[in-house]
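To start, the structure under review is shown below, and the notes come after it.
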Amino acid sequence: MASPAFAAAGAGVAVILARDEKPGTVATAAAAGALSGYALWQYLSSDGAARALRTFDGILGREVEQRVMDFCGGEASLSLRLAARACSDDEDGGVEHLRRICKKKGVSSAVGTRAVKLLSRDLPEEDRDLQTLEDALALATFSQKLPILNEEDPAKTQLPRLWKKMSHKARMSALSLDYAALGGNDMVRA
């Protein structure tokens, strides 16, 4: 679309910067011009989802997004990535915050609505993205909470429920985690 125009503008910047005609300067200026044109095109052509993704910086959300990307082979939809990154320990799980950010950052209606539905689990159980999000969230919870649990911790009751919701692939991933390296205690090692 607009990429060639921005690349041409970037090349124009490169020509202006490279007037001293030294080969290294010309190459550097050309690269800088093309890169700046591409970056400008990416920024202007984004529907806001990329800007919204950068807004969420919670540890849980980042880990859930990483697990989602692992499960999807790096090809997750923007809706799924937004829902994953918005996961939080808030009472509503981050749903209201996700709604506000999608509106504020100009995320397209289709992407934002699907992300909110995924995060609020307002989709059929057989939805593949919903299962992926559930698996990633459960795995992140296992890796963050299981190593620090003690015998009397009330959070232990949530772990069997998470296990039942997980797909076979997620269960295998959970079993392969090195909980001792994550700071596991004696209960985890047993």
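Nothing fancy with the numbering, it's 1 onward along the sequence.
Proximity of D129 to R114: side-chain heavy atoms (C-beta onward) are separated by under 4.5 Å at one or more points.
Residues meeting the side-chain hydrogen bond (donor to acceptor under 3.5 Å, both in side chains) test with D122, sequence neighbours left out: none. A search for side chain to side chain contact (heavy atoms under 4.5 Å, CB included) contacts involving S167 returns Q131, D135, K169, A170, not counting sequence neighbours. Partners of S88 under the side-chain hydrogen bond (donor to acceptor under 3.5 Å, both in side chains) rule, at least two apart in sequence or in another chain, are D90. Partners of Q66 according to the side chain to side chain contact (heavy atoms under 4.5 Å, CB included) rule, which considers only residues two or more places apart in sequence or in another chain, are D70. Listed by chain and residue number, E96 satisfy the side-chain hydrogen bond (donor to acceptor under 3.5 Å, both in side chains) test with R99 (two or more places apart in sequence, or in another chain). By the side-chain hydrogen bond (donor to acceptor under 3.5 Å, both in side chains) test, R121 pairs with E134, sequence neighbours left out.
Within the 3.5 Å criterion, the main-chain N or O of W163 finds a donor-acceptor partner in the side chain of R171.
Within the structure, ring-ring contact (aromatic ring centres under 6.0 Å, His included) contacts touching residues 64-96 (residues at least two apart or in different chains) do not occur. The ring-ring contact (aromatic ring centres under 6.0 Å, His included) analysis of residues 98-122, with sequence neighbours excluded, yields no pairs. Here ring-ring contact (aromatic ring centres under 6.0 Å, His included) pairs that include residues 112-131, with residues two or more places apart or in two chains, number zero. For residues 91-123, the set of pairs meeting the ring-ring contact (aromatic ring centres under 6.0 Å, His included) definition, not counting sequence neighbours, comprises F56-H97.
Through direct or relayed side-chain contacts under 4.5 Å between Ile, Leu, Val, Met, Phe, Trp and Tyr, L123 connects to L60, V64, V68, L80, L118, L130, L133, L137. Members clustered with I59: none, using a 4.5 Å side-chain heavy-atom cutoff among hydrophobic residues.
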